[in-house]
Amino acid sequence: MGSMLWAMVWLGGLLTGCSGGAPAAALEQAQAQLEAADWAGAEQTAAEALGRPKGDPSVRWQLELVRVEAEARSGRGSEARQQLERLAAEYPPQISAALYATTATQAADADDPPGARSVIEAGLARFPDDPALVAASRRLAPAPEVVDAQEGGPDLTPPPEGPEAEGEAAAGAPNAGGAAPPVEAGDEVEPAPQ
């Protein structure tokens with residue numbers, strides 16, 4: 001019977017991460033809150049666990065990642081970037097370009113384009129040649145403003161379709177590409193001016 005009790009205690013230690021139980025249990029709770037889209041709850045749980053005395057470094061790292069993700073997913077990408085920069089100073093080998101790209105995507109998905117761009121810029125400062133960050137930078141770049149044709153910009157009006165387009169072609173008007181209408185057999189063709 002004593003060995004059965006010891007086995008249960010040992011198994012309980014494995015299930016709680018062998019780190020006193022509290023940080024590992026907090027990590028499980030915070031991850032469950034992320035799964036349930038309870039960003040504030042996940043951030044609070046992670047922050048409280050991280051405020052306790054040092055525990056298992058791998059559990060602490062995962063709690064840090066939960067906090068960053070909760071901030072990004074709650075639309076606070078700039079705060080997530082600040083956390084990433086702090087983590088880069090504390091855990092340099094664990095910071096990757098993929099972590100910046102993922103965090104930026106989470107902020108963008110939370111309708112926080114400025115925060116997402118902030119995360120990408122910080123990532124590019126550390127990993128300037130990373131293809132995923134460069135691609136994310138292009139994808140998250142602010143859209144160029146469309147200039148109104150009346151203000152001297154290009155005319156972005158689509159070419160007419162249907163009967164009115166046929167009428168223009170019959171009248172010899174250039175098509176949308178600026179070229180002359182197609183020539184059919186039997187049409188007289190004048191040479192182009194030189």
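Just so you know, these numbers use all the heavy atoms, side chains as well, and skip hydrogens, waters and symmetry mates. We count residues from 1, following the sequence as given.
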*Does a donor on one side chain sit under 3.5 Å from an acceptor on the other, for Glu43 and Ser74?*
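Checked: Glu43/Ser74 side chains show no N/O donor-acceptor pair below 3.5 Å.
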*Flag the pair Arg139 / Ile120 as yes when at least one side-chain heavy-atom distance between them is below 4.5 Å, and no otherwise.*
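No. Closest side-chain heavy atoms not under 4.5 Å.
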*When rounded to the nearest 0.5 angstrom, what distance separates CG in Leu65 from OG1 in Thr102?*
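Answer for the CG-OG1 pair, Leu65 versus Thr102, is 10.0 Å.
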*Answer with yes or no whether the hydrophobic clustering places Val119 together with Leu99; edges join I, L, V, M, F, W, Y residues whose side-chain heavy atoms lie under 4.5 Å apart.*
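Yes, it is one cluster - the side chains of Val119 and Leu99 are joined through contacts under 4.5 Å.
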*Might you point out which heavy atoms bring Ala107 and Gly115 nearest each other, and give the distance in Å?*
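Answer, listing the atom of Ala107 first, then Gly115: CB-C, 4.3 Å.
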_Main-chain N/O of Leu140 paired with Arg117 side-chain donor or acceptor, under 3.5 Å_ =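 Checking the backbone N and O of Leu140 against the side chain of Arg117, a donor-acceptor pair under 3.5 Å is found.
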*Measure the spacing between CG of Leu63 and CD of Gln29 and express it to the nearest 0.5 Å.*
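Between atom CG of Leu63 and atom CD of Gln29 there are 10.5 Å.
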*asked:* Distance check, rounded to the nearest 0.5 Å: Arg86 atom CZ versus Tyr91 atom OH?
replied: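 One gets 7.0 Å once the value is rounded to the nearest 0.5 Å.
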*Considering non-hydrogen atoms only, spot the tightest contact between Ala26 and Ala49 and give its length.*
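Closest approach of Ala26 to Ala49: CB-CB, 3.5 Å.
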*asked:* With a 4.5 Å cut-off on side-chain heavy atoms, are Leu50 and Glu64 touching?
replied: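 When only atoms from C-beta onward are counted, Leu50 and Glu64 do touch, with a gap below 4.5 Å.
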*Closest heavy-atom contact between Ile95 and Ala88?*
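Result for this residue pair: CG1-CA, 3.4 Å.
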_Show the nearest heavy-atom pair for residues Ala30 and Ala46, with the distance to one decimal._
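The answer is CB-N, 4.4 Å.
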*Please confirm whether the backbone N or O of Leu133 pairs with a side-chain atom of Ser137, one donor and one acceptor, at under 3.5 Å?*
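A pair under 3.5 Å: no.
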*CZ/Arg60 to CZ/Arg52 distance, rounded to the nearest 0.5 angstrom?*
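Answer for the CZ-CZ pair, Arg60 versus Arg52, is 10.0 Å.
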*Can you measure from CH2 (Trp61) to CG (Leu87) and round to the nearest 0.5 angstrom?*
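Rounded to the nearest 0.5 Å, the CH2-CG separation comes out at 5.0 Å.
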*Looking at Arg67 and Glu79, does any basic side-chain N land under 4.0 Å from a carboxylate oxygen?*
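Looking at Arg67 and Glu79, the cut-off is not met.
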_Under the criterion side-chain contact (heavy atoms from CB on, under 4.5 Å), I'd like the reasoning laid out for Gln31 against Leu27: C-alpha separation, chi angles, the key distance, then a yes or no._
CA-CA 6 Å; Gln31 288 173 330; Leu27 175 59; 3.7 Å; yes
*Between Arg81 and Glu121, does at least one N-O distance fall below 4.0 Å, as a salt bridge requires?*
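The answer is no: the pair does not qualify as a salt bridge.
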_From CD (Glu71) to CG (Asp112), nearest 0.5 Å_ =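 Atom-to-atom, Glu71:CD and Asp112:CG are 11.5 Å apart.
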